Amino acid sequence: MSGSGAQTEEVAPPTVDTTIPHSARVYDWWLGGKDNFAVDRAMGEAMIKAIPTLRQMASENRRFVHRVARHLVADRGIRQFLDIGTGIPTRPNLHEIAQSIAPDTRVVYVDNDPIVLAHARALMISTKEGRSSYIHADLRTPEAILADATLVDTLDLTKPVALTLIAVLMLLSDDDAPQARLRTLMDALPSGSYLAISHPTQDFNPEEMSAAVAAATHGGMTLVPRTREEIERFFDGWELIEPGMAPVMAWRPDGEAPADPYAAYYWAGVARKP
């Protein structure tokens, strides 16, 4: 946890509004990071009061990212990733996992928080054989992401790409047309590409999730949990790979299956474009 709010805010980049919480910085605080401000910690605390195990859930999402990267690189031959909603760098990052298996893997990270931009250098330390780049952009403008010179220079969109959206679609309300934004990205990728999503749900504990949504809304942050059926629609037209839609803890777990796979309130899935 970082120092006092006043000390942290003194070193905030001028583009950072420290009066409004940002999901990337709240998540950073849950994971024990230092790149957050008083407003983010207050939001994190309020949501932990609603869901006491939120820190563990954030960690489960990180582990899901690692399992997805290992599976897609080692077992599916993927060598390109587009990771949207990257968050503040937390080692090991996706490209470190992927490049430890296939050094020639290329990764483009995307986020809209200036704090993530300030730490982007940590996301771009790549192997000689591979490439890791960062784009400061928003999921709400997918056309701008696809047209960005950095993406065009890093990824070859004629070859399969793994598109990863980990705990990010929850930040778009239905009015933001998340399915249409995502479909623009999906349509730009060739056959053999993959889509990985984790998304919070009210399915496992409606009361706690409702309280978390209320805390987020009160603090000015969007949080939209969705049902299994709503999340599955994001994959429409693509083929879910085994084990299909699963609680995030139960998606190809390392070692033994979790005793209670519903302890983290997220659905997760990975699908392949035919």
Side-chain angles (χ1 to χ4, degrees), residues 13 15-16 22-25 27-28 31-35 58-59 61-139 141-169 182 184-186 188-190 192-198 270 273:
T15 52
V16 174
H22 191 286
S23 59
R25 301 192 304 263
Y27 198 81
D28 174 72
L31 291 173
K34 298 180 179 180
D35 295 295
S59 295
N61 260 310
R62 291 298 303 172
R63 286 191 274 271
F64 172 65
V65 174
H66 298 165
R67 297 197 303 274
V68 167
R70 290 197 302 269
H71 176 67
L72 292 183
V73 174
D75 301 332
R76 304 274 176 163
I78 290 294
R79 297 293 182 268
Q80 302 189 109
F81 287 82
L82 175 57
D83 181 67
I84 299 182
T86 297
I88 293 163
T90 303
R91 300 193 71 178
N93 292 295
L94 187 155
H95 73 280
E96 293 168 318
I97 296 290
Q99 291 178 348
S100 70
I101 301 168
D104 60 334
T105 302
R106 293 178 165 234
V107 178
V108 171
Y109 294 106
V110 182
D111 206 290
N112 67 349
D113 183 1
I115 286 291
V116 181
L117 176 63
H119 290 275
R121 184 173 297 178
L123 293 170
M124 295 189 290
I125 300 173
S126 172
T127 58
K128 292 180 181 179
E129 303 91 336
R131 183 84 178 272
S132 182
S133 305
Y134 177 81
I135 298 173
H136 188 67
D138 196 303
L139 175 57
T141 57
E143 296 88 354
I145 295 172
L146 292 168
D148 192 283
T150 296
L151 183 144
V152 174
D153 185 53
T154 306
L155 302 182
D156 180 354
L157 296 188
T158 68
K159 297 179 180 178
V161 175
L163 173 62
T164 56
L165 296 103
I166 309 304
V168 64
L169 288 165
L182 177 56
T184 297
L185 297 166
M186 294 165 69
L189 303 181
S193 293
Y194 289 84
L195 171 64
I197 293 173
S198 70
V270 178
K273 186 171 185 176

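Owing to the predicted nature of the structure, the values given are computational and were not obtained by experimental measurement.
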Heavy-atom side-chain proximity of Leu185 to Leu139 below 4.5 angstrom = yes

Taking C-beta and beyond as the side chain, do Ile197 and Leu169 meet within less than 4.5 Å on heavy atoms?
-> yes

Closest heavy-atom pair and its distance - Tyr134, Asp111 | OH-O, 3.2 Å

Only residue of Asn112, Ile145, Thr164, Ile135 satisfying side chain to side chain contact (heavy atoms under 4.5 Å, CB included) with Ile84 is Ile145

Going by atom types only, do Gln99 and Ser126 share a side-chain donor-acceptor pair under 3.5 Å?
-> yes

Check: residues 87-97 side-chain donor-acceptor pairs under 3.5 Å, at least two apart:
{"residue": "Thr90", "atom": "OG1", "partner": "Ile88", "partner atom": "O", "Å": "3.2"}
{"residue": "Arg91", "atom": "NE", "partner": "Glu96", "partner atom": "OE2", "Å": "2.8"}
{"residue": "Arg91", "atom": "NH2", "partner": "Glu96", "partner atom": "OE2", "Å": "2.8"}
{"residue": "Asn93", "atom": "OD1", "partner": "Thr90", "partner atom": "N", "Å": "3.1"}
{"residue": "His95", "atom": "ND1", "partner": "Tyr109", "partner atom": "OH", "Å": "2.7"}
{"residue": "His95", "atom": "NE2", "partner": "Ile125", "partner atom": "O", "Å": "3.0"}
{"residue": "Glu96", "atom": "OE1", "partner": "Asn93", "partner atom": "N", "Å": "2.6"}

For Arg25 and Asp113, run salt bridge (Lys or Arg N to Asp or Glu O under 4.0 Å): C-alpha distance rounded to whole Å, both residues' side-chain angles, the deciding distance at 0.1 Å, then the answer.
-> CA-CA 8 Å; Arg25 301 192 304 263; Asp113 183 1; 3.3 Å; yes

Determine the minimum heavy-atom distance between Ala137 and Val110, stating which atoms define it.
-> O-CG1, 3.7 Å

Any Leu165 side-chain heavy atom under 4.5 Å of Leu163 side chain | yes

Criterion side chain to side chain contact (heavy atoms under 4.5 Å, CB included) against Ile78, the qualifying member of Val68, Thr105, Leu72 | Leu72

So, Lys273 side chain and Tyr194 main chain: donor-acceptor pair closer than 3.5 Å or not?
-> no

Spell out, as yes or no, whether a donor-acceptor pair under 3.5 Å connects the side chain of Arg79 to the backbone of Ala102.
-> no

Closest non-hydrogen atoms of Ile101 and Arg70, given as atom of the first, atom of the second and distance, are CD1-CA, 3.7 Å

Taking the side chain from Ser198 and the backbone from Ile166, do they hold a donor-acceptor pair closer than 3.5 Å?
-> no

Taking atom types as modelled, find out whether Thr154 and Ser133 have a side-chain donor-acceptor pair closer than 3.5 angstrom.
-> yes

Working to the nearest 0.5 Å, report the span between CD of Gln80 and NZ of Lys159.
-> 7.5 Å

Taking only Lys NZ, Arg NE, NH1 and NH2, and the carboxylate oxygens of Asp or Glu, determine whether Arg131 and Asp104 approach each other closer than 4.0 Å.
-> no

Would you say Tyr27's side chain and Ala58's backbone share a donor-acceptor pair under 3.5 angstrom?
-> yes

Specify the closest pair of heavy atoms between Phe81 and Ala69, including all atoms of both residues, with the distance to one decimal.
-> CZ-CA, 4.1 Å

Counting only N and O atoms by type, is there a donor-acceptor contact under 3.5 Å from the side chain of Thr141 to the main-chain atoms of Ala144?
-> no

Heavy-atom pair with the smallest gap, counting every atom of Pro160 and Gly192 | CB-O, 3.4 Å

From CD1 (Ile115) to NE2 (His22), nearest 0.5 Å = 10.0 Å

Side chain proximity check, Val161 to Asp156, heavy atoms < 4.5 angstrom | no

Is the closest side-chain heavy-atom distance between Leu31 and Arg62 below 4.5 Å?
-> yes

Can Asp83 and Val108 be said to form a side chain to side chain contact (heavy atoms under 4.5 Å, CB included), step by step?
-> CA-CA 6 Å; Asp83 181 67; Val108 171; over 6 Å; no

